[in-house]
Each structure stands twice: as C-alpha cells, then as structure tokens.
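Each residue takes its place number in the sequence, starting with 1. Fair warning: this is a prediction, and the values are worked out from it, not measured in the lab.
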Amino acid sequence: MAVETHLSTTPTIMAEKKPKGSPFRYEALMGYLFVAPSIVLFLLFLLLPAVLALYLSFTHYDILTPIRWIGLDNYSRLLKDRLFFISLRNVATYVVMFVPLMIVLSLSLALLLNRKVPGARLFQICFYVPVITSPIAAATIWTMMLHKDYGLINRGLALFNINGPTWLFDPDYVMFAIVMVTLWQGVGSNVVLYLAGLQGIPTYLYEAAVLDGANRWQAFRYITVPSLQTTTFFVLTLSLVGSFQLFDQAYALTGSGIGNSTRTPVFHIWETGFNRLRMGYASSMAFVLFLVIFLVTLVNLRVNRSQVDELG
C-alpha cells in the first residue's frame, strides 16, 4: 500500500510533443532565414561559377564563337605548356621563401608586442594598417621605394656602403622584392592571431618554469612553441593557400617579370583567359591549380595531424 502511495505521489515525466507554434520551431525558422542570404550568395557566386568553369574546361570557348566540346584536349595541351610550368616553379620558389619568413616574423613581432610596455597598442595598429591597404596601392608605393637610384631601400643600403640591386628588373632579386612586399602587407593579420594565442597561454606555466630554473629560451621552447602549435598550423595553412594564389603584388610590381621570372599561375590564367580570350583553356589551368593547392593542403594536414585533431 505504501508502494502504491509512493508511486501515485511521484511526478512522472512524459515526453510531450511540441506544438506546431512552439518557440522552438519559431527559432529554427528564424535561424534558416538568417543563413538563407549567405547560402544563396554561396550558390550564385561560388558554387555555380565553379561548376560552369569546370564545364568550360572541357570546351573551346573564346567568347566570340559558340562553345564547342573538345573533351580532355585542354588538359593534354596543358602538359606541354612551358609557361604554365614556369609559373608553378616561380610560385614554388616564392612559397619556400615566403611561408617560413611569414611564420618566424609574425611570431617574433607578436612576442615583442605581447609585452606590457607603453605604446604597445599603437605598434599593434601600425603593423595591422598594411593589411587593410589596397594591394595595388601598396605595390605602387613599393615600386618607388625599390627604385635603383632614388628608392628608399637602396638609399638605406648606401649608408652601409652597399650598392643596392635593380630590384624589379633583375631576375636574381625580383622574387625577393615580391616576398618583401607581401610580407609587409600580410604579416599584420598573422601577428593578431599569434597575439591571441600568446594571451591564451596560462601564466602559471611560466611561473612554474621560473621556479624550476628555466631561462627565457627554455620557456619559449617548451611552453610557448608547443602552446602555439594550433595557431602555427592555422597560419601555415593560410600562408600556403594564399601563396599559390599570388597575383596582385607580382602583377603590379613586375607584370610577368624579365624572362617570365615572376609569372605566377594566377597571372598566367588571367592572361590566357582575358587577354587571349581562351576561356576554356584558362578554366582547365584553374582546376589544375586547384588540385595543386588541394594536394599541398592535404600534405600539410597529414604532417600536422595532431593539430588538426585538436582543432576538431
């Protein structure tokens, strides 16, 4: 009898079906409405053009004549395109120089700016200003700064009795000039990422290291660097993808360079499609470049699997 009384007084939890007009359904509907513009824009301006470009890569299309299906002819022709392989070699050289320098410079500046010193905020703003500067405008300014005779760079080198090179007209130095300009313009965004990572490291780790007798280099090596692995992976991925898409600065500074020394894949695609009106062939090059970037990114993910798992 006591058991029956206890069961009768115990509240039972019953799963009730939410009414159609419940707040939960209203919130879901509003969520779909908020993301709908982004989805529409993605479909219209990213997915649809990509599908059309993939179709054009199997055709002969010069804008002036009707589209003609030619199958894999564009891709077979691409295997014999000397300029395209020169552009891939140039961008590979750029990646080897740019990416390590970007990581080292961004981290070094972030370490300096992370110190609590007067004026640190002002320097953070100064380093970020080039990021929001137009690439063409920045390249125009750097063209004057890199001038052999009256450029600011060579005048600074002359103070140390160094005869500055013809930066933009010497195939041996022009890629260094492009790396210099792109580093100046892109380092600010990565400094912000590293600053966020540094400020997320618990201070008690450094305090414990000091108590154990660790010096600054040991604290940096065993605390800072491991704690920033995820940030470094993110910066590395963005730098790799952005490097293979190099166009604005290289084109504004040198065009294709002396002897195609600064011709990049994106510049080659642009010239083929819009100057020579070979849209189908340009589309095939664009998808080959996409595959190259995809493979490089995949290798990066495999090498840094632990950081990818941490992000996930």
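In terms of heavy atoms, Ser243 sits closest to Val95 at CB-CG2, 3.5 Å. The minimum heavy-atom distance between Met102 and Gly186, with the atom names listed, is CE-C, 3.6 Å. Among all heavy-atom pairs drawn from Val131 and Ser189, the shortest one is CG2-N, 3.4 Å. Summarising the geometry of Leu56 relative to Ser283, their closest heavy-atom pair is CB-OG, 3.8 Å, with the distance given to 0.1 Å. Nearest heavy atom pair, residue Pro135 against residue Gln249, reads CB-NE2, 4.1 Å. For Phe287 against Ala50, the heavy-atom pair with the smallest separation is CZ-O, 3.4 Å.
Ile269 and Val292 end up in the same hydrophobic cluster when Ile, Leu, Val, Met, Phe, Trp and Tyr side chains are linked at under 4.5 Å. Under the 4.5 Å side-chain heavy-atom criterion for ILVMFWY residues, no single connected hydrophobic cluster contains both Tyr173 and Ile86. Hydrophobic clustering of Ile, Leu, Val, Met, Phe, Trp and Tyr side chains at less than 4.5 Å, counting indirect connections, unites Trp184 with Phe176. Under the 4.5 Å side-chain heavy-atom criterion for grouping Ile, Leu, Val, Met, Phe, Trp and Tyr, Ile39 is not connected to Phe45 through any hydrophobic cluster. Val91 and Met97 fall within the same hydrophobic cluster, defined by Ile, Leu, Val, Met, Phe, Trp and Tyr side-chain heavy atoms under 4.5 Å apart, directly or through other members.
Leu301 is listed as a side-chain neighbour of Phe233, based on a closest heavy-atom distance under 4.5 Å. By the 4.5 Å heavy-atom criterion applied to side chains, Leu48 and Leu52 are counted as neighbours. For the pair Tyr61/Arg68, no side-chain contact is recorded, criterion being any heavy-atom separation below 4.5 Å from C-beta on. Side-chain contact between Leu228 and Leu198: present, with at least one pair of heavy atoms (C-beta onward) separated by less than 4.5 Å. Put simply, the side chain of Phe169 does not reach to within 4.5 Å of the side chain of Val174, judged on heavy atoms. Counting heavy atoms from C-beta outward, Leu78 and Met285 have side chains that approach closer than 4.5 Å. The shortest side-chain heavy-atom distance between Met180 and Met145 does not fall under the 4.5 Å cut-off. Residues Lys148 and Trp167 have side chains not in contact (no heavy-atom distance under 4.5 Å, counting atoms from C-beta outward).
Remark: Phe244 CZ is packed, more than 12 non-hydrogen atoms of other residues, nucleotides or ligands lying under 6.0 Å away. In the displayed structure, Arg216 atom CZ is contacted under 6.0 Å by at most 12 heavy atoms of other residues, nucleotides or ligands.
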Next on the checklist: For a side-chain contact (heavy atoms from CB on, under 4.5 Å) check, start with the C-alpha distance between Asn190 and Ser239, then their side-chain angles and the critical distance, and finish with the verdict.
Outcome noted: CA-CA 9 Å; Asn190 293 326; Ser239 300; 4.1 Å; yes

Checklist entry - Can Val299 and Leu295 be said to form a side-chain contact (heavy atoms from CB on, under 4.5 Å), step by step? => result CA-CA 6 Å; Val299 171; Leu295 291 176; 5.6 Å; no

Next on the checklist: Between Gln199 and Asn114, is the side-chain contact (heavy atoms from CB on, under 4.5 Å) condition met? List the steps.
Outcome noted: CA-CA 8 Å; Gln199 293 171 6; Asn114 193 45; 3.5 Å; yes

Checklist entry - Do Leu236 and Val99 pass the side-chain contact (heavy atoms from CB on, under 4.5 Å) test, and can you show the C-alpha distance, the side-chain angles, and the key distance before you say yes or no? => result CA-CA 7 Å; Leu236 174 62; Val99 174; 3.4 Å; yes

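With values rounded to the nearest 0.5 angstrom, Ile223 atom CD1 is found 5.5 Å from Leu205 atom CG. The CZ atom of Phe98 sits 12.0 Å away from the CD1 atom of Ile178 when rounded to the nearest 0.5 Å. To the nearest 0.5 Å, atoms CG (Leu112) and CG (Leu195) are separated by 10.0 Å. With values rounded to the nearest 0.5 angstrom, Leu253 atom CG is found 7.0 Å from Leu146 atom CG. A distance of 13.5 Å separates CG of Leu152 from NE2 of His147, quoted to the nearest 0.5 Å. For the atom pair CZ (Arg77) and CG (Leu72), the distance works out to 12.5 Å, reported to the nearest 0.5 Å.
A side-chain donor-acceptor contact under 3.5 Å links Asn74 to the backbone of Ser57. No donor-acceptor pair under 3.5 Å is formed between the side chain of Glu271 and the backbone N or O of His268. A distance-only check finds a donor-acceptor pair linking the side chain of Thr264 to the backbone of Leu246 [under 3.5 Å]. Formation of a donor-acceptor pair under 3.5 Å by the Asp212 side chain with backbone atoms of Ala214 is not found in this model. With Asn154 contributing its side chain and Pro165 its backbone, the two residues share a donor-acceptor pair below 3.5 Å.
Aromatic ring orientation, Phe267 versus Trp270: tilted (interplanar angle from 30° to 60°). Using a 30° and 60° split on the angle between ring planes, Phe123 and Phe127 fall in the tilted class, from 30° to 60°. By the 30° and 60° cut-offs, the orientation of the rings of Tyr55 relative to Trp69 is tilted.
Side chains of Asn300 and Thr237: a donor-acceptor N/O pair is present below 3.5 angstrom, by distance only. Looking only at atom types and distance, the side chain of Thr224 has a donor-acceptor partner in the side chain of Tyr206 under 3.5 Å away. A side-chain donor-acceptor contact under 3.5 Å links Tyr194 and Thr232. With hydrogens and angles left out, the side-chain atoms of Thr182 and Tyr94 include a donor and acceptor closer than 3.5 Å.
Residue Tyr281 forms a side-chain hydrogen bond (donor to acceptor under 3.5 Å, both in side chains) with just one option from Asp81, Thr59, Thr272, Asp73, and that option is Asp81. In summary, of the residues considered (Ile258, Thr254, Thr262), a side-chain contact (heavy atoms from CB on, under 4.5 Å) with Leu168 occurs for Thr254 alone.
Aromatic pair Phe58/Tyr75: centroids less than 6.0 angstrom apart.
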